[in-house]
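Heads up: the structure comes next, in structure tokens.
Every chain is numbered from 1, with letters handed out A, B, ... down the list of sequences.
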There are 2 protein chains.
Amino acid sequence: MAPTRERILITAAELFRRQGYAGTGLKQVTTQAEAPFGSLYHFWPGGKEQLGEEVIRTGGAFFLALYRAIADEAPDLPTAIGDFFTGAGETLVATDYLDACPIATVAGEVASTHEPLRAASAGVFESWLAALSDDLEGAGIPEPRARPIALALVAGLEGAFLLCRTLRSTEPMDAARAAALTVLHAELEPAP
Amino acid sequence: MAPTRERILITAAELFRRQGYAGTGLKQVTTQAEAPFGSLYHFWPGGKEQLGEEVIRTGGAFFLALYRAIADEAPDLPTAIGDFFTGAGETLVATDYLDACPIATVAGEVASTHEPLRAASAGVFESWLAALSDDLEGAGIPEPRARPIALALVAGLEGAFLLCRTLRSTEPMDAARAAALTVLHAELEPAP
DNA sequence: GTCTATAGAGAGATAGAC
DNA sequence: GTCTATCTCTCTATAGAC
């Protein structure tokens, strides 16, 4: 069995992304992690907010690494992005629409209420945008266009996650994937 | 002053979309609405869940009416859609990133936890998709393509809302707007 | 119907034995 | 460091006076 600290962190990440930050109790986290309640405050003296911050950061880093792994295997960037959308849809189905974006639910809740957590979420999104912008430039998209395209792709993915979970269907992910590829194609081979 | 029932409903809608469903207490709702606590259970015997359901439905209908109003004034559909994204960005700035989508925050929280509220959110999204699909068909997009395009546009909008609120910038909305118009353009004048 | 008071459960957080 | 017991606060919900 994984060490206590790790069990708590993994369980918190799972519950936060599924039920939200306010909707998840620390008692529920420690119980499900089979850890004593006091351990949570031993490892995170800052309480729920400090735990939330670490969940956001590690979840964001994990998702970025997942993208990197897919991008490294794909023959080109459009394929990589298409594969990432496809994989996201497959994960949704495999988990019965429980696991989507690791930070989206929390980010939506805290944007106007918990400034430290909003800042942590913003840091995660910026890390994704930086990586994606780099890859877009590497694929031949001129520098000033890279960030807007990256923003549109991430927005499409996040919106698709929300729609898929709510409609309990991967149709939105397929549609967002197709739109993302259309945008990429238009950018890589501009109309005359 | 508006009647008690209406004050509670409006206040609940405001707090739910900003702080989320779990993050908003009914005490806070009635206090801010300057209504007695008991009135809430008088008008919504089903408690928080019944109130949440009505907030989702009325918020969704309001947003649809807003789209309709903008679409009716615009000379064509791409202009209407561009204007809607622009207006969304302006509202974000005007409210200091407090007011974005009326249902997104709640929809994300409840998708895996409160089935009646998930269903209500799904109903709202479907009503938007139906209206938008109709307009897309009216603009000349063939029937089987209308729904995927509508899904991609709504996903782009929702994702942009989340990114704008988290990054405290309208840059994602501008990027999503441009991508939406690219997708529309590609669909209306397909490449050879 | 309007409003107050409170029940009962559960939250986050802490103290202190071991 | 691990774990239990408990404190205080807030939550949803209800009872009942007016």
query = Centres of the F63(B) and F84(B) rings: under 6.0 Å?
reply = yes
key: Between C1' of dG12(C) and CD of E49(A), the distance in whole Å   = 12 Å
task = Assess the side chains of Y67(A) and D72(A): does a donor N or O sit below 3.5 Å from an acceptor N or O?
result = no
inquiry  = Nearest whole Å is fine: how far is dT14(D) P from H42(B) NE2?
reply    = 15 Å
request  = Report whether F37(B) and F16(B) are members of the same hydrophobic cluster (ILVMFWY, side-chain heavy atoms less than 4.5 Å apart, transitive linking).
outcome  = yes
task = Indicate yes or no for a side-chain donor-acceptor contact from R118(B) to the backbone of T166(A) under 3.5 Å, with no hydrogens or angles considered.
result = yes
key: Nucleotide dA13(C), atom C1' - distance to CG of L40(A) in whole Å   = 10 Å
key: Residues from residues 4-14 of chain A lying under 4.0 Å of DNA chain C - heavy atoms   = none
ask   = What integer distance in Å separates L51(B):CG from dA13(D):P?
value = 10 Å
query = How does DNA chain C read in dot-bracket, base by base from 5' to 3', with Watson-Crick or G-U pairs under 3.5 Å and | used when the partner is on another strand?
reply = ||||||||||||||||||
query = With a 3.5 Å cut-off and no angle check, do the side chains of D83(A) and T86(A) form a donor-acceptor pair?
reply = no
inquiry  = Do L181(A) and L153(B) sit in one hydrophobic cluster, given that two such residues count as connected whenever their side-chain heavy atoms are within less than 4.5 Å of each other, even indirectly?
reply    = yes
query = Where along residues 18-38 of chain A does a heavy atom fall under 4.0 Å from DNA chain C?
reply = T24(A), G25(A), L26(A), K27(A), F37(A)
request  = Please determine if a side-chain N or O atom of Y41(A) lies less than 4.0 Å away from the OP1 or OP2 oxygen of dT14(C).
outcome  = no
inquiry  = Within the 3.5 Å criterion, strictly below it, is a donor on T24(B) or Q19(B) matched to an acceptor on the partner's side chain?
reply    = yes
ask   = Below 4.0 angstrom, N of the basic side chain to O of the carboxylate: do K48(A) and E53(A) qualify?
value = no
inquiry  = Closest approach to the side chain of K48(B), judged atom by atom: which nucleotide of dT2(D), dT12(D), dA13(C) is it?
reply    = dT12(D)
task = Taking S133(B) for its side chain and A130(B) for its backbone only, find out whether a donor-acceptor pair lies under 3.5 Å.
result = no
inquiry  = Please determine whether a side-chain nitrogen of the Lys or Arg among E187(A) and R145(A) lies less than 4.0 Å from a carboxylate oxygen of the Asp or Glu.
reply    = yes
ask   = Side chains of S112(B) and R165(A): do they bring a donor and an acceptor to under 3.5 Å?
value = yes
